[in-house]
Structures are given as structure tokens and as C-alpha cells.
J.: 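Structure below; questions to follow.
Just follow the structure's listing: the first ligand is 1, and inside any ligand the first atom is 1. As a basis for the values below, the full set of heavy atoms in this structure was taken, side chains included, without hydrogen atoms, waters or symmetry mates.
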Amino acid sequence: MCKPGQTRRDRDVSDAIPSGSARMKVTRPLSLILGHDRAWPSKRPLTSIGVLARLALAMTGIFSPAPSGIHILSHPLAASFLTEIRDQTASRHLVRHHLRALGLLLFYEATRDLSQHPVRVTTPLTEADGARIAVSVGLVPILRAGLGMVDGILEVLPEAKVFHLGVFRDEKTLEPVEYYSKLAQHKPVDVAFVIDPMLATGGSATAAVSRLKSWGVKRIKFLGVFAAPEGVTKLTSAHPDVEIHLCAVDTRLNDKGYIVPGMGDAGDRQFSGE
Ligand code: URA
């Protein structure tokens, strides 16, 4: 039986969110905790302390809701893929496969509110009413780790444009440095998805969103697999209008800026690690 205010889906997932955070247990209706019921973009700016505190409390299941505009993917496939790529013995092949699949699952959730326009088509039998996506969509993978999530998305939206953005993290300052972008040569898309499996310090994601805004993009969403609370705070504080879709918010960053427990270096795990 659903409790008052609880949907069937809320009830089904109310025992546990199978996210990457082993400690993440949810006892509240999911829509309340994750803010699925809120309109995009969020109108409520969030302070850093507010975001951190509410995220931490939501992760322990003590208090909800978590900040609006942050969505944690709740799906058994996502939970299983996430667990497997955390494992340091996972092969490159498996890591690539799972990141590609997680990219697709995240995109599927993040595009629920894409604008459509009605169309009429003629079938072999008669006419039928339907809908087509009414906006131009841009995928903005942050090089190089974001690349692995793009191909899965292109399978469901092959006409999406892809704008690679090269941002590396200065190992000393941990600040983002842009080294590759072709954005200026193109007309801005209507909706852009910044893609990076690791939302660690939040520096690259925040810089990427600023870059897209100055290019002229009005709606921006972020797709990531693992996040540190620090990264979520930085991105939401700088850009409260950007919706964030993640598979897991992990415990912390270590002193080298890696997400703990995380999956290590997402670029190396996909492309060049031993
Ligand atoms: N980038 C990675 O590849 N992994 C982390 O844990 C953090 C940033």
C-alpha cells in the first residue's frame, strides 16, 4: 500500500536507493528526496552550506528533501554497472561498456522534459498524431573521460551535435584549464548536456557551464556518474539553474582531488590504464 503522498514508484524504492554510495539509504518518498517533482530549472538558489548539509543528511536518510535540481539515478542496472566499475579488477572493456550504458540511462532520465511539437504522419494504413523533439540538443563531453558516455547517447539521439571541450585540472592548484574548444565557430544549441563521469572538485564542470552560457546556451544540464559533495556544492552554487543528473554522490575528495570511494581515474580506466 502506498502511503498518502507516495507514488507506487516511491514505495518500490523506499527501502534503498541502489546508488553507488553504499551508505545511501532512503526512507522518504523518492520524489521528495530527489526533487523529481520540481520544475526545471530550479528557481531556488542554494548556498554551499545548505547544499552540503542537505545532501549529507539525505544520503544518511535522516532528513529530506535533498536540494532540488539534483537527481540520483535509481535503477537496478545502474546500481549494478556502478558497482562493477568501482572494482579495480574490472577490465577496460567492461568499464567502457558500463560508462557508455550509464551515459544512456542518465540521458534518458535527463531528457524527460525536452520540448516537443506535435506532428502528423501517414502510416501504411492511415494518419497518426505524434510528437517530435522541438529543440536542438548539444552534447558537451569534457575530454577525455566524458567521451566514453557519448556513444550510448548518440544511439538514442543520433542527430545530437557533439562539442568536445578540453579541460584539464592543474595538478597543483586543482583549477581547470581549458585547452580545446570549437564552440565559437557554431550557433548555440537550445539545450546542452555537459558530460563528465566524475564531478570531483566541480571546477571543470563549473568552467564548462560558464563557457556554454557565454556562448549563448540557455538550458544546460550536467550528466555525471560519480560526484563528491564538494563538486555538487561548487556547481550548484555557481550555477543553481543547472540540473545535475548523477548515479552516486560519494563520501569525499582525497587530497589529490579524487572521489572516494569512486572508481579512480576515469580516463585511465577507459583508455590507457594497465
Ligand atoms: N577525475 C577522475 O578521473 N577521478 C576522480 O576520482 C576525480 C577526478
Side-chain angles (χ1 to χ4, degrees), residues 19-24 51-52 55-56 59 70 72-73 78-79 81-103 106 139-152 164-180 193-211 222-239 242 244-274:
S19 77
S21 171
R23 295 187 303 105
M24 188 178 246
V51 172
L52 254 185
L55 250 182
M59 284 166 71
I70 301 171
I72 313 290
L73 182 60
F81 293 163
L82 199 69
T83 307
E84 288 181 15
I85 59 177
R86 284 188 190 279
D87 187 336
Q88 61 174 347
T89 66
S91 69
R92 187 160 35 249
H93 177 244
L94 184 130
V95 169
R96 281 183 180 158
H97 173 272
H98 287 3
L99 280 178
R100 174 190 173 112
L102 289 169
L106 285 162
L139 309 180
V140 187
I142 299 184
L143 300 177
R144 69 190 157 137
L147 279 180
M149 293 168 65
V150 170
D151 284 352
H164 302 94
L165 200 57
V167 181
F168 72 82
R169 193 168 52 158
D170 185 296
E171 292 302 328
K172 287 210 180 81
T173 63
L174 300 186
E175 288 300 315
V177 182
E178 185 180 306
Y179 66 90
Y180 183 86
F193 294 82
V194 175
I195 301 169
D196 188 343
M198 313 306 277
L199 180 57
T201 61
S204 303
T206 302
V209 171
S210 300
R211 189 78 179 70
F222 177 86
L223 308 184
V225 175
F226 299 97
E230 295 90 328
V232 176
T233 300
K234 177 150 184 149
L235 183 55
T236 51
S237 303
H239 300 292
V242 170
I244 302 176
H245 290 262
L246 299 164
C247 296
V249 180
D250 276 3
T251 314
R252 64 183 174 89
L253 283 182
N254 70 11
D255 56 4
K256 294 201 165 67
Y258 279 89
I259 298 171
V260 180
M263 66 171 288
D265 188 306
D268 285 356
R269 298 282 312 274
Q270 293 177 79
F271 302 119
S272 57
E274 291 311 315

J.: Measure across V260 and D250 and return the closest heavy-atom pair with its distance rounded to 0.1 Å.
T.: O-CB, 3.4 Å

J.: Using a 4.0 Å heavy-atom threshold (strictly under), name the region of A200 that reaches ligand 1: side chain, backbone, both or neither.
T.: side chain

J.: So which heavy atom in the protein is nearest atom 5 (C) of ligand 1, and how far is it from that ligand atom?
T.: Y258 CD2, 3.4 Å

J.: Would you say that F271 contacts R96 through its side chain, given a criterion of any heavy-atom pair below 4.5 Å between the two side chains?
T.: yes

J.: Does R86 use its side chain to pair, donor to acceptor, with the backbone of P261 at less than 3.5 Å?
T.: no

J.: Would a distance-only check, ignoring hydrogens and angles, find a side-chain to backbone donor-acceptor pair under 3.5 Å from H239 to T206?
T.: yes

J.: Check contact between G257 and ligand 1, using heavy atoms of the residue and a distance below 4.0 angstrom.
T.: yes

J.: Please verify the inter-ring angle class for Y179 with F168; under 30° counts as parallel, over 60° as perpendicular, anything in between as tilted.
T.: tilted

J.: Tell me: protein heavy atom nearest atom 3 (O) of ligand 1, and distance?
T.: A266 N, 2.7 Å

J.: For atom 6 (O) of ligand 1, which protein heavy atom lies nearest, and how many Å away is it?
T.: I259 N, 2.8 Å

J.: Is there at least one pair of N or O atoms, one from M198 and one from ligand 1, spaced under 3.5 Å apart?
T.: no

J.: Can you tell me if Q270 uses its side chain to pair, donor with acceptor, with the backbone of A145 under 3.5 Å?
T.: yes

J.: Under 3.5 Å between some N or O of ligand 1 and some N or O of G264?
T.: yes

